[in-house]
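Handing you this structure, nothing more for now.
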Amino acid sequence: MVGDGHRSAGTPLRAAQDEAGVPPGVWKGGGLAAVGLTDGDVVSERQAELLLGKGRHPDADRIERERLEAGDDPAKARRATVLGRPIEHNRSEKTEKAKERTPWLGMDLTFRPPPTAHIAWALMDDKRRLVLESCQDTAVGKTLKWLGESVAQIRWKAGGTQRAPVKDGLIVAVFRHYESRAAESKPLLHDHAVVSIRARRPDGTWGNVSADSLLAHIVAADTLYLLYFMEEVSARLGWAWEPREVTPGGRPVMEIAGIDQRLIGWQSTRRQQIEEALSVLTAEYVEEHGHEPGERAAYGLACRAADRTRPPKRKELRSLSELRQRWRESAIAAVGADVVDRLAQRARAAAAAVWARVRPVVDIVLAAVDTVAVVYVMRGAFKRHHLLAEARRYLSYVLRGRPHEPGLDERIVQTVLDDFTRPVGRGLAVTADLRALYPRDTDDQAVVRPLTRNRMLPLYARARRAAGALSARVHAVRRSERLGSRARPHTVAVYGASRSGPRLSRTDRKAGRGQEQETDVAALEQTRSTIEAVALMAVSLQDGVRERDVAHRLRQRPAPAPPAPSHTPPPGVQPSPGRTPSGGLA
């Protein structure tokens with residue numbers, strides 16, 4: 001609540017926040033009305049102590065006093081202020097495993113923009129700084145709303161075995177911090193959203209939010225937050241986004257186009273410390289086990305490196321204006337005043353270049369194929385929230401900050417589940433259905449397997465190769481369909497289009513999608529081959545007629561005309577009509 005500073009005993013919370021240079025926390029979430037709060041109210045110390053520390057009503061003091069004045073005994077008056085089960089129940093001797101239980105009343109979700117957003121926020125003028133903070137507020141608010149309405153579930157009935165959506169929404173206290181924990185303080189705009197575990201059931205009673213439902217959707221919430229933040233920045237400041245590869249062969253991150261890469265190195269000192277410690281831990285692992293760490297072991301080593309290099313919180317207090325002045329002086333010493341002073345100008349120029357060569361078009365089928373390919377290679381078996389996170393990453397890469405149609409990510413995921421997956425086991429997990437991706441030629445399924453099993457490549461690089469192979473298959477099917485039927489127009493499912501665009505055909509449809517007339521696959525393939533042969537023959541005949549016509553005209557001319565002077569098209573103009581690239585993936 002006081003940032004990374006230390007609050008001395010006896011200092012009021014608001015005074016400590018002013019000294020630490022951090023703003024006071026604010027309440028957010030759809031469940032605030034149930035406890036008499038409104039969105040944007042300041043979080044007081046007593047409210048946080050009651051709700052987040054004891055699971056009681058934020059205004060419990062007033063409620064308890066009124067109950068005592070009405071004649072209730074102290075125990076009953078206090079029980080009226082408790083939301084759900086009292087935390088004393090966990091400490092009762094009658095409770096099973098009482099010594100192992102600890103009262104758990106909240107969880108911390110950290111919202112952090114990409115590194116270039118920290119740089120622009122710290123080094124540009126106050127007007128743009130406030131705009132970026134407003135973009136952060138909007139993105140965090142929309143993400144918390146999605147978590148409360150679409151994800152959060154509350155325990156229901158005996159033992160909490162059944163789950164139900166929360167009645168109103170979540171109750172969240174959001175605290176904003178400005179700097180990182182690096183030895184030399186660096187800009188790190190981020191919000192800590194402390195989610196209260198208390199929420200109302202559909203019948204109005206209070207209970208505990210299911211933690212596993214929220215934790216399972218953390219990555220999906222993170223990608224949604226980044227998508228909203230990118231859209232807000234592009235809409236308000238006119239900037240564009242480009243992918244940047246942090247680790248060779250790894251998943252890229254989206255950054256503001258035009259920001260000097262040297263400033264990213266200046267800002268990411270904490271990451272450099274982690275990478276240095278990680279190299280030492282990796283060498284120790286290889287010496288002990290005799291081989292390189294796998295994906296799971298590498299993740300564990302990275303967590304150990306982060307913990308080992310985690311510095312203590314600073315004790316000296318600085319205001320935001322002092323921090324910004326120190327950051328500017330440090331950045332100028334690292335990269336020069338010209339780079340720092342022209343950040344906004346270069347970002348606008350880079351955005352114009354990005355929008356000139358990138359067309360923000362979303363093809364539902366290609367997005368679904370790309371999503372299922374990446375998730376299949378990365379995980380093998382997966383669930384809906386894994387697809388949702390990857391679909392939102394795809395929208396970030398393709399749209400580059402342009403707004404997406406509401407529900408477009410859900411439509412991509414539903415297309416994947418309807419057309420390109422099959423169930424695995426008895427749970428809710430599914431996997432990619434290669435027979436749906438290759439409906440006619442089963443031999444081509446062998447094309448994907450070597451790409452996914454090539455251990456010489458990083459995992460994400462393998463996923464991108466598989467996605468490219470499957471996307472090429474979709475284009476090949478579409479070309480054959482256009483060749484076989486001239487009546488079918490060439491359509492691209494653009495942003496905001498419906499799901500009725502072209503799809504890969506399947507011989508078997510899932511239940512509930514309507515009955516279709518059964519067709520002999522062999523006869524269909526023979527008919528298609530005949531049509532293609534006839535079309536190729538027609539094209540060759542037309543070419544022969546055209547050549548004879550040209551030769552006849554040349555014989556009738558009295559003399560050959562002088563060659564026309566060569567003409568070079570201006571930059572940016574194609575010599576022949578062609579298709580604009582639709583913004584590929586890094």
Side-chain angles (χ1 to χ4, degrees), residues 4 100 102 104 106-112 114-115 180-183 186 188 190 192-195 210-223 225-226 244-254 264-265 267-313 374-390 392-393 424-425 427-429 431 452-466:
D4 288 338
E100 300 179 6
T102 306
W104 180 64
M107 59 188 305
D108 177 23
L109 308 180
T110 304
F111 294 86
R112 185 177 66 178
S180 66
R181 281 197 175 198
K186 292 300 173 63
L188 188 66
H190 61 286
H192 291 273
V194 183
V195 181
S210 172
D212 52 0
S213 61
L214 287 178
L215 294 176
H217 289 78
I218 285 297
V219 179
D222 175 66
T223 53
Y225 154 72
L226 292 176
R244 177 176 67 91
E245 189 181 66
V246 179
T247 304
R251 191 187 298 276
V253 297
M254 300 303 294
I264 298 179
Q267 189 265 346
S268 302
T269 56
R270 178 85 176 101
R271 178 177 179 82
Q272 296 173 5
Q273 296 172 359
I274 295 175
E275 289 179 350
E276 293 175 358
L278 180 60
S279 61
V280 176
L281 292 175
T282 304
E284 295 176 355
Y285 182 91
V286 173
E287 183 179 358
E288 180 180 355
H289 296 84
H291 59 84
E292 293 290 334
E295 297 164 5
R296 193 162 191 168
Y299 176 78
L301 292 176
C303 294
R304 288 176 55 189
D307 293 337
R308 180 174 296 185
T309 58
R310 187 176 181 87
K313 293 184 177 181
V374 174
V375 178
Y376 168 66
V377 177
M378 299 287 286
R379 305 192 64 89
F382 44 85
K383 295 185 179 180
R384 182 184 180 89
H385 55 84
H386 299 125
L387 296 171
L388 193 58
E390 190 60 36
R392 289 166 177 173
R393 291 191 187 100
V424 177
L428 300 177
T431 189
T452 60
R453 297 174 181 176
N454 186 2
R455 300 299 179 180
M456 301 301 295
L457 294 175
L459 187 61
Y460 184 73
R462 283 179 264 158
R464 291 271 19 113
R465 287 199 175 190

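We count residues from 1, following the sequence as given.
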| said: In terms of relative ring orientation, are H385 and H217 parallel, tilted or perpendicular, with 30° and 60° separating the classes? | reply: tilted
| task | Answer whether the closest heavy-atom distance between the side chains of P114 and V253 falls below 4.5 Å. | result |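 A side-chain contact under 4.5 Å is absent here.
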| field | Side chain to side chain, V374 and R393, heavy atoms closer than 4.5 Å | value | no
| query | Roughly how far apart are Y225 OH and I218 CD1, rounded to 0.5 Å? | reply | 13.5 Å
| Of all heavy-atom pairs between A389 and V219, which one has the smallest distance, and what is that distance? |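 A389 and V219 have their closest heavy atoms at CB-CG1, 3.9 Å.
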| query | Which pair of non-hydrogen atoms, one from T431 and one from G380, has the smallest distance, and what is that distance? | reply |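 Heavy atoms only, the tightest pair is OG1-O, 2.8 Å.
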| request: Classify the ring geometry between H289 and Y285 as parallel (under 30°), tilted (30 to 60°) or perpendicular (over 60°). | output: parallel
| Euclidean distance, T282 OG1 relative to E287 CD, rounded to 0.5 Å | 13.0 Å
| said: Less than 4.5 Å apart, side chain to side chain, heavy atoms only: is that true for Y460 and V377? | reply: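 No, their side chains stay 4.5 Å or more apart.
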| said: Once rounded to the nearest 0.5 Å, what's the spacing between atom CG of L215 and atom OG of S210? | reply: 8.5 Å
| said: Would you compute the distance between atom CZ of R379 and atom CD of E390 and round it to the nearest 0.5 angstrom? | reply: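 One gets 11.0 Å once the value is rounded to the nearest 0.5 Å.
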| Would the number of heavy atoms belonging to other residues, nucleotides or ligands and lying under 6.0 Å from CG of L428 be above 12? |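 At most 12 heavy atoms, drawn from other residues, nucleotides or ligands, come within 6.0 Å of this atom.
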| task | With rounding to the nearest 0.5 Å, note down the distance linking CG in L387 to OH in Y376. | result | 14.0 Å
| Between A381 and A429, which heavy-atom pair has the shortest distance, and what is it? |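 Of all heavy-atom pairs spanning A381 and A429, the closest is CB-CB, 4.5 Å.
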| message | Let me confirm one number: the CE-OG1 distance from M254 to T223, rounded to the nearest 0.5 Å. | response |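 Nearest 0.5 Å value for the CE-OG1 distance: 13.0 Å.
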| message | Atom CZ of residue position R112 - does it have more than 12 heavy atoms of other residues, nucleotides or ligands inside 6.0 Å? | response | no
